[in-house]
Each structure stands twice: as structure tokens, then as C-alpha cells.
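A short worksheet on the structure shown next.
What you see is a predicted model; the values in this text were computed from it and never measured. Order of the sequence lines fixes the chain letters, A, B, ..., with proteins taken first and strands second; residue numbering starts at 1 for each chain.
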Amino acid sequence: MNAIQPSAPSAVTGTFIRNAWYCALWAESLPADKPVGCTILNEPVVLFRRADGSAAAILDRCAHRFAPLSMGKIVGGDRLQCPYHGLEYDGSGACVRSPYGPTAPAGATLRSFPVQERHKILWVWMGERAADPALIPDFSILDDADPVSMTICDSILVRANYELIVDNLLDLSHTAFLHDGLLGSPEIAAGDIKLEQEGDRIIVSRFSRGAPMPGMFALTMPNAPALVDKWNWIRWMAPSTLLLRSGVCLTDSDPETGTGYYGIHILTPEDERNTRYFFTAVRFNMLTEGAENNQSINAEIARLRRFAFAEQDGPVIEAQQRLMDRAGGNLAPTLLPIDAGPVRYRRVLERLQAADRAG
Amino acid sequence: MNAIQPSAPSAVTGTFIRNAWYCALWAESLPADKPVGCTILNEPVVLFRRADGSAAAILDRCAHRFAPLSMGKIVGGDRLQCPYHGLEYDGSGACVRSPYGPTAPAGATLRSFPVQERHKILWVWMGERAADPALIPDFSILDDADPVSMTICDSILVRANYELIVDNLLDLSHTAFLHDGLLGSPEIAAGDIKLEQEGDRIIVSRFSRGAPMPGMFALTMPNAPALVDKWNWIRWMAPSTLLLRSGVCLTDSDPETGTGYYGIHILTPEDERNTRYFFTAVRFNMLTEGAENNQSINAEIARLRRFAFAEQDGPVIEAQQRLMDRAGGNLAPTLLPIDAGPVRYRRVLERLQAADRAG
Amino acid sequence: MNAIQPSAPSAVTGTFIRNAWYCALWAESLPADKPVGCTILNEPVVLFRRADGSAAAILDRCAHRFAPLSMGKIVGGDRLQCPYHGLEYDGSGACVRSPYGPTAPAGATLRSFPVQERHKILWVWMGERAADPALIPDFSILDDADPVSMTICDSILVRANYELIVDNLLDLSHTAFLHDGLLGSPEIAAGDIKLEQEGDRIIVSRFSRGAPMPGMFALTMPNAPALVDKWNWIRWMAPSTLLLRSGVCLTDSDPETGTGYYGIHILTPEDERNTRYFFTAVRFNMLTEGAENNQSINAEIARLRRFAFAEQDGPVIEAQQRLMDRAGGNLAPTLLPIDAGPVRYRRVLERLQAADRAG
């Protein structure tokens with residue numbers, strides 16, 4: 001296990017990486033016929049679909065009187081009309097039509113944001129540098145997912161800085177306490193942690209032999225035994241997305257014979273203290289037969305994961321944020337061996353933040 | 001149509017004119033037997049009626065321990081008693097009785113505010129200069145209004161600077177989009193706008209020939225045709241009141257044969273980000289017979305106007321304010337021909353603000 | 001009656017005395033099997049009971065990732081386990097166990113606070129100096145109180161500085177107005193006030209002959225007459241606790257033949273604008289027979305006292321705080337003879353505050 005750096009970092013950097021792709025919405029959440037507004041890195045953004053189905057993202061603030069375009073409507077197939085006085089913008093942010101004259105007003109061009117629809121997600125590039133689609137985090141697991149294996153695409157708002165949620169996910173020993181019975185149990189807290197780095201990606205994995213069967217996984221294994229081998233593997237992709245692979249198998253058997261799911265965890269900072277947390281899951285090696293049976297299991301996994309994030313992680317992370325803020329924000333955490341993942345990703349994050357600013 | 005000034009002003013000045021009359025309450029909202037508190041230009045004000053029915057307005061904060069007098073009661077006909085320890089004030093703000101001694105405490109005099117009850121409204125003068133009743137905005141249309149022609153006196157709170165609401169009302173082209181079907185429709189957005197100035201008053205008017213009948217006016221015209229001539233005329237009276245005259249007539253007929261209403265729009269800033277918006281309407285040339293029929297039409301007009309202000313204008317104006325605040329407040333609007341009224345009133349407003357400060 | 005100092009003090013000092021005992025909880029509110037968190041002088045504090053029933057109080061913020069320990073659980077009888085990653089602390093604040101290694105992490109010691117369980121209350125010492133149990137305010141009246149004479153132990157949150165509540169209680173002339181009919185009436189507002197000082201304790205008392213029977217006391221006196229002699233006596237004990245003795249007797253009879261209650265009023269500042277207000281009452285000279293009858297009277301006294309504090313005092317005090325804050329906090333009260341108690345205690349408080357800082 002990797003050594004922890006002696007110098008304790010501050011709890012969060014509080015800095016955003018702007019030249020990066022962020023999940024604005026699940027692609028299915030953007031209908032063909034109306035715009036949807038969201039906030040990313042403190043910017044108001046409105047997304048809408050053109051007649052050909054392609055998505056556009058522009059500043060959600062009309063140049064005329066600053067009304068939110070997301071309260072307006074799509075007209076003429078490709079234009080977003082301001083709800084207040086009717087100026088019309090195209091997907092590039094240009095004001096292309098005014099009800100008040102033959103030409104659109106000069107200077108009424110809004111910032112537009114590069115958008116990519118990939119892996120069932122609408123990604124928006126928030127920086128000033130050229131957007132590089134190759135930098136979109138790899139969630140190709142979602143591309144070909146059999147609908148019978150996939151849970152709903154969901155999200156919650158967590159009133160805390162996104163870095164606290166990355167810390168949460170890169171140190172899954174917390175499942176032993178915070179999700180006791182559901183995702184882990186204290187017996188397995190001290191399992192061995194393996195830390196890997198692939199370029200800027202950080203991977204943390206652990207394996208527990210003969211662990212109590214967690215409630216979440218018992219759902220997926222018919223006639224589940226009381227003790228199983230259990231593993232999880234999680235990969236952080238800058239700046240704020242994580243892919244988990246978690247499963248169980250019969251004790252001492254080949255993990256490949258086991259079952260489990262990929263957990264998709266995507267964090268989009270609305271601002272320094274609010275984070276939109278998108279999640280879904282894709283099961284692998286399903287041991288239960290029948291689409292209906294599996295859809296019912298999927299629904300229960302979706303419900304329990306939402307419960308774990310919204311009712312167990314969320315309250316603790318929001319309390320952390322409040323306690324840190326009340327202390328003036330200068331607290332340095334006492335690091336433990338389980339912080340290997342969080343410490344390593346922070347080192348990469350700080351390097352990427354510096355490069356983002358320098359750019 | 002008047003040219004727009006090339007230099008775009010900031011979105012709001014954020015400055016109040018203190019030497020002016022503000023609507024504290026609809027006169028009918030102040031009962032004979034208990035005080036009512038309100039906030040005007042950041043000041044806590046309490047109004048109450050003396051035994052002779054005349055209204056008084058004093059600071060809503062007892063000199064003793066700063067309890068709000070509006071939580072107290074009227075005693076002895078003319079005195080307002082503090083709810084906390086019982087000091088009694090008269091309408092001039094003087095503490096005239098104490099339960100704790102034969103004389104009232106020295107130095108316990110509260111600021112009083114000149115009040116005028118006129119046009120069914122209680123007007124309070126917030127400045128330090130002598131109050132001039134001649135400066136009360138002219139809403140004499142309310143004085144002799146036949147009750148059969150008048151809607152209820154209503155108000156809402158809008159969480160935005162009052163200047164954004166003046167902008168809204170002095171540019172009624174927004175009715176074509178925000179109140180589509182109810183008060184206007186996109187076909188008429190580009191109608192000609194006429195701008196007039198009478199001293200410090202700004203009047204904006206427009207006329208649309210052969211416009212779709214708006215839902216609001218269809219109520220008032222039996223056997224209404226699909227297309228009508230439609231006009232509105234609105235006058236701003238500093239600092240924050242507006243009188244609208246809006247109506248419809250058969251296409252190409254004399255407008256004087258048409259029907260419509262006077263809209264009363266009175267804005268009282270509670271503070272920089274909250275405005276109390278008072279409104280009512282008085283119909284003219286009523287084409288429907290019978291008091292009961294007309295009262296039922298009045299109730300529907302009142303309901304629809306409240307809907308338009310609270311559910312259509314309010315949310316957009318509050319979003320404007322939030323978007324401007326999030327941007328740091330330094331946004332300059334891209335002005336359009338329809339902004340002739342807002343631009344002209346702002347010029348007058350800024351001159352009056354300077355005179356108010358200089359005073 | 002003592003003269004009022006000519007120099008009007010500011011409305012509140014806004015300073016806390018740190019080297020003092022504060023009520024964290026009613027002792028009965030801390031169960032044997034789970035921790036309870038609270039906020040005292042801006043500090044997050046968690047209390048829990050060891051296996052032997054003794055209470056401990058430590059900082060409610062894990063040294064590792066700053067999760068609140070009050071969301072965790074008691075393990076092994078004497079240790080508080082963090083809900084997030086499972087570090088375990090003993091009552092001294094030392095981290096004594098980690099799931100991640102044979103030894104607890106170095107440097108993970110939390111601040112602990114001296115605790116005393118006395119007079120049915122858990123007292124916590126918030127200062128840096130040695131805690132002196134002799135300084136615990138004397139509420140021995142609660143020690144031997146017959147359960148048949150005691151109301152429930154209750155508390156409310158008041159969104160105001162605690163000094164405004166001390167002002168409220170040390171000037172009970174407010175009962176004549178704010179609690180008219182329930183605890184006093186305007187006829188008795190001007191009763192004579194007697195002010196005494198015993199060391200740092202301030203006692204304010206008053207006696208009203210032939211006063212209207214207050215509703216609260218009518219409950220306790222069978223066949224109550226319309227007029228009675230009524231008295232109250234209240235003692236402030238620094239920094240923020242008060243003991244009231246209040247009662248009624250037949251007019252011109254010996255007060256010792258009357259009946260009434262001790263009111264326990266204990267204020268714990270959560271922060272500069274929020275105060276936890278603990279209260280209960282112990283009746284004396286009960287004139288009604290039967291435990292059941294008296295318990296029913298106690299329940300009604302408890303309900304009415306909660307009503308008086310939460311629905312009468314609370315709203316006025318919170319409005320005071322808002323009005324003072326809106327005025328910029330620089331208001332100086334106009335003092336009255338009834339302010340003898342508040343003025344005197346403030347003089348003591350300011351001396352104790354200076355000593356606390358100097359310490």
C-alpha cells in the first residue's frame with residue numbers, strides 16, 4: 001500500500017478546472033421540444049435540441065434584459081426564443097431574429113459551449129481553450145448496455161464541494177460504516193487497498209475474502225450464502241467522474257464467476273458548495289433469469305443506491321462541509337492508510353488545476 | 001420612434017429617491033383598530049389610525065428596547081402601545097405615556113413620516129425634505145370609480161429591484177411573449193411605439209390594427225370578433241408608479257367605441273431586492289349590462305392580472321435579478337427599439353436621483 | 001428603586017464568556033446508547049455516556065475527515081465511533097482505535113470539554129482555564145423536587161442573542177403587556193421593583209397588592225379570587241441562567257401561605273444570533289390535593305409557559321434582533337426605571353467578560 005504524504009493537504013482546493021467536459025444532463029433528460037437550464041461552475045447554461053436532434057448549449061441569459069432563455073421555447077426548429085421579449089438565438093449563441101426589425105441587434109451574441117452527446121450523457125466544455133472530445137471521460141460501458149441490465153439514470157443535489165464527494169468515492173472503506181449492511185460491514189474495513197495510476201487516472205481497488213454478503217449484492221445472487229468474496233475497483237477520471245466495478249463471488253471461487261455492477265458516478269459542480277451528482281449502474285454476469293425478474297432487481301438496486309447516496313453519504317458530506325466552513329475552512333485532515341486514493345488524486349488534481357490556470 | 005442612446009446603461013441604478021411619496025398600503029387594508037407594519041426603502045414603518053380615522057406613520061421600532069410597535073395595539077383612541085413594555089406613542093412619534101412614571105421618558109421620540117390618504121391609497125413620504133402633497137402621483141381615476149367597474153385592490157411581493165418592474169411595464173411588447181394569448185400575441189410585437197414626455201412623466205403608447213383578440217379583453221366584449229384593434233397607453237410617474245389605459249375596439253372603428261380598463265401599477269421598494277407591487281383596475285366603456293355580470297367579469301380580470309404578474313412577470317423578473325446578481329451586477333443590456341420608454345425614464349430617474357441626493 | 005446610569009449601553013455586547021458552564025442538554029435527554037450533538041458558543045460538541053453512565057463531551061468533528069461524531073454510535077461501552085470511516089474516540093477526545101491498523105493515528109486527538117451532571121442538567125465548560133464545578137449555577141431546587149411538583153424539562157430555539165433574553169427576564173414588567181392575562185396585566189406594570197446584588201448575582205423582585213389574578217396562577221389556587229397579592233423574584237447567575245420564584249396569595253395575607261412555582265430559565269448561546277432556551281418549573285405550597293390533579297395542573301403550566309416563551313416572548317425578541325441588525329447594530333436603548341435589573345447585570349457581565357478575556 002502506498003505511503004501517505006506527510007504534509008496534510010487542506011480539505012478541499014475549492015478551485016475548478018474549467019477546460020474540461022462536465023455532464024450537464026442525462027441525454028434522455030433533454031427533450032426535442034423544450035430547453036433545459038442548468039448551472040455548471042457558476043455559469044447559467046441552457047441546452048436545447050435542434051431540428052436534427054443535435055444538442056446546443058449557450059449562456060442562459062438573454063443579451064437584451066438578462067431573462068433566462070431556459071424559460072423560453074424552441075421556434076423554427078433550431079432557434080431558442082427568449083420568454084420575455086422574443087429575441088431568437090441559434091445554437092452558436094448568435095441572435096438571429098428579432099421581432100422588432102428586419103435584422104437582429106448587433107452585439108447580442110451569447111457565449112456558446114461545445115457539447116458532445118456521448119455515453120448517454122450531454123457533456124459541456126466550460127473552458128476557453130479548444131474543446132477536445134478525446135478528453136471526454138470513458139463511460140463506454142453505457143453505450144452498449146443491454147436495457148435489461150441497466151438501472152435508471154438518476155441524480156441528486158449535494159450541498160457540498162465536489163471534492164468531498166470524490167474523497168468519498170475514492171475511499172470505499174466508508175462503505176463498511178456508512179453503508180453497513182447495504183454495501184459493506186465493519187469486518188471488511190481493513191481490507192487491502194491497491195492503488196494504481198494510469199496517466200492522470202487513479203484506480204483504487206480492494207478485495208475481501210469471506211466477507212458478510214452485503215444487502216445490495218444479495219439481490220443479485222439467488223440462494224446467496226452468508227459469506228462471500230467481495231471486491232470493488234474504482235477509477236477516477238479528471239476532473240470529477242468515477243467508474244466503479246463492484247461484485248461478489250462464492251468464497252475462493254474465480255471472481256469472473258461472480259456477479260455485480262458497474263457504478264457510474266459523475267459529479268458536476270454547480271458552484272463551490274453545490275454539486276449535481278449523476279448516477280446509474282450496469283450489471284454484469286447476471287445470475288437471475290428473465291427480463292422481468294432482472295428489471296425488478298434493477299429497480300431495487302436503483303432505489304438502494306439512491307438511498308445510500310441521498311440518505312447516507314449526502315447528510316455526512318453536507319455536515320462535513322458545514323463543519324469545515326464553520327471552522328474557517330483551514331482544517332487539515334489527519335490522513336489514514338485508506339486515504340491513499342484521495343491523496344493521490346488530489347496530487348493529480350492540483351497539477352491539472354495549475355495547468356488549467358496556466359493555459 | 002425615438003432613437004436609443006448609444007451608451008447602454010447598467011441594468012439598474014440601485015438607488016432610491018427618498019424625497020417622494022410611496023404607497024404603504026391600500027387604504028382599506030388599514031383597519032381602525034390595529035396597526036399594520038411595512039418596510040419602505042429599508043425602513044420599518046408602522047401605520048395606524050387615530051380615533052378620527054386619520055392615519056399616522058412612525059418608525060416601527062420602540063425607542064426603549066426596539067420591539068416592533070406593529071405587534072402592539074391602539075389605546076386611548078390615538079396612541080400606539082408597545083407590545084413589550086407598554087410605552088405609548090402618538091402619531092407624531094412622541095412617546096406620550098409610560099406605565100412607569102408620571103411622565104414619558106425624555107428622548108424617546110421616534111421618527112414620524114408624513115402620510116396622505118388619497119386615491120384609496122396611504123402614501124408615506126420617506127425623505128427629510130418637506131413633504132409636498134402636490135407630488136402624490138395622480139391616480140384620481142380611483143377616486144370616483146363606480147364600484148361596479150373596479151377590481152379588488154391587490155398586491156404581491158416581487159424579489160427584485162423595482163427598476164426591473166418599471167422596465168417591464170414601460171415596454172409592453174413583452175405582453176406578446178410572456179402573456180401570449182392573455183394580453184398579447186407575437187403577431188403584434190412589432191407594433192409602432194410612441195414615446196412622449198410631459199415634464200418628468202414618460203408616456204409610452206402603441207396601437208395594433210387587426211390584432212388577435214387577447215383573452216383578457218374578450219371577457220369584456222360580448223360576441224368578441226377574432227381580430228380587433230388594440231391599444232395601450234402607459235404613463236410612468238416618478239419614482240415608481242404607472243397608470244395604464246388599455247383597450248380594444250372593432251377593427252377600423254373609433255377607439256372611443258371600444259372597451260378596456262385602466263391598470264393601476266404601484267411599486268414600493270422594500271429594499272434593493274424586494275418590491276411590493278400593488279395593483280388594481282378600473283374598467284371604462286363597459287359593454288356588458290348588469291352589476292352582477294360586471295362584478296363577475298371584474299373578478300376574472302383581477303384573477304388573470306394577478307396570474308400575469310405573479311406567475312408570468314414575477315418569475316422572469318426574479319430570475320433576471322438572480323442572473324444579474326450572479327454576474328456581479330455589471331451587465332449592460334443590449335438595447336432594442338422597444339426600450340425607448342425604459343431608456344427615457346431612466347434618464348429622468350437618474351436626474352431625479354441626483355436632485356434627491358443633492359437636496 | 002435604583003437610579004439608571006445616564007450612559008445608555010449598546011443593546012447587546014455580543015461577546016461570550018468562555019470560561020463558564022453552559023447547559024448542553026437536560027440530563028434525561030442523553031440516552032445511554034447514543035450520542036447527541038449540540039452547538040455551544042459556535043463550537044460543535046457531542047455528548048455521550050460511557051458504560052458507567054458518566055457523560056463525556058468532545059468536539060463533534062472527526063480529526064480524519066471532519067464528519068460529525070454525533071451521527072456515529074457508541075461501541076465497546078466507552079467509545080464513540082465516527083459514522084464515516086470508523087475511527088473511535090474515548091471521552092477524553094483521544095482516538096483510541098482505528099479499523100485500519102493496530103494503532104490509532106497520531107495527532108487525531110479532539111478537544112474534550114469538562115462535563116458535570118448536576119441539578120438534572122449536563123453542564124459543559126467551554127473555556128481554556130481549569131473548570132471549577134463550584135461555578136455551576138445553583139439549581140439545587142431541581143435536585144430533590146418531588147416529581148408531583150415538577151413540569152417537563154423543555155427547550156426552544158430563539159433566533160436572537162442571549163442577552164436580549166436575559167434583558168427580558170430581568171425586567172418582568174413585560175409580563176403586564178406581552179403576557180397580559182396569562183402572567184400579568186397592565187394594572188401592575190408600575191409596581192415597585194427591588195434590585196439586589198449578591199456578589200455577581202443580580203436579584204430583581206416586585207410585589208403587587210390587589211392585582212388581577214393571572215391565568216397561570218388561577219390554575220394552582222382552587223376557588224381563586226379575582227384579586228390577589230402577587231410577587232416575583234428572579235436571580236441572574238452569570239453568564240446566562242436565571243431562577244424565578246413567582247407566586248400569589250390572598251390579598252393582605254402572608255405570602256408564605258400562597259402558592260406558585262420556581263421557574264428555571266437557562267440560556268445557552270449556540271452562536272451570536274441563536275440561543276437554546278431551556279426551561280422547567282417546580283411548584284411550591286401546592287394547594288390542590290392528589291397526584292393526578294397536580295400532574296394535570298403541571299402539564300397545563302408547562303404548556304402555558306412554552307406558549308408564553310415560544311409564541312409571545314420569542315417573536316418579539318426575534319423581531320428586536322432583526323430590527324437592531326437592520327439598523328446596523330448601533331442602537332442605544334432609551335432606559336426606563338424598569339431597566340434597573342438589566343442595567344446592573346450588564347455592568348457585571350461586562351466586568352466578567354473583561355476578566356474572561358484577560359484570563
Side-chain angles (χ1 to χ4, degrees), chain B residues 16 34-46 58-76 79-89 93-111 126 269-274, chain C residues 1 4 6 8-12 160-161 163-168 170-180 184-193 206 311-340 342-343:
Chain B
F16 297 137
K34 65 186 185 81
V36 175
C38 59
T39 301
I40 309 177
L41 311 190
N42 279 311
E43 298 276 1
V45 177
V46 56
I58 63 177
L59 190 69
D60 191 15
R61 194 179 70 206
C62 181
H64 173 223
R65 287 286 180 187
F66 319 124
L69 299 175
S70 54
M71 293 174 76
K73 58 186 175 188
I74 297 169
V75 293
R79 302 187 309 276
L80 186 53
Q81 183 189 62
C82 179
Y84 202 4
H85 301 91
L87 290 193
E88 298 176 18
Y89 296 86
C95 181
V96 291
R97 248 172 115 126
S98 162
Y100 312 109
T103 57
T109 299
L110 298 176
R111 182 177 175 193
M126 298 301 296
E270 293 196 352
D271 59 33
E272 287 75 6
R273 289 292 176 272
N274 292 283
Chain C
M1 165 145 205
I4 299 296
S10 62
V12 300
N161 189 281
E163 295 182 36
L164 296 181
I165 313 177
V166 178
D167 289 341
N168 171 283
L170 276 185
D171 171 14
L172 289 172
S173 60
H174 81 269
T175 59
F177 299 94
L178 199 51
H179 310 300
D180 181 10
S185 50
E187 293 86 342
I188 60 147
D192 252 8
I193 295 172
R206 46 190 301 167
E311 309 296 329
Q312 296 181 326
D313 291 307
V316 165
I317 292 170
E318 292 179 349
Q320 259 187 298
Q321 182 71 67
R322 284 194 303 271
L323 286 166
M324 288 163 54
D325 284 344
R326 197 196 289 174
N330 299 316
L331 298 174
T334 297
L335 294 177
L336 305 176
I338 51 173
D339 290 304
V343 166

Please classify the contact between B:Asp60 and chain C as side chain, backbone, both or neither, with a heavy-atom cut-off of under 4.5 Å. backbone
Is C:Asn168 close to chain B through its backbone or its side chain, or both, or neither, when contacts mean heavy atoms under 4.5 Å? both
Please answer whether the main-chain N or O of C:Pro342 pairs with a side-chain N or O of C:Asp339 as donor and acceptor at a distance below 3.5 Å. no
Between B:Glu43 and B:Leu59 (side chain of the first, backbone of the second, donor and acceptor by atom type, cut-off under 3.5 Å), is there such a pair? no
When the 4.5 angstrom heavy-atom criterion is applied to B:Gln81 and chain C, the contacting part is side chain
Residues forming a salt bridge (charged side-chain N to carboxylate O under 4.0 Å, His left out) with C:Asp313, sequence neighbours excluded: none
Quick one: side chain to side chain contact (heavy atoms under 4.5 Å, CB included) partners of C:Ala319, sequence neighbours excluded? B:Pro68, B:Met71, C:Arg322
Is it the backbone or the side chain of C:Leu164 that comes under 4.5 Å from a heavy atom of chain B, or both, or neither? backbone
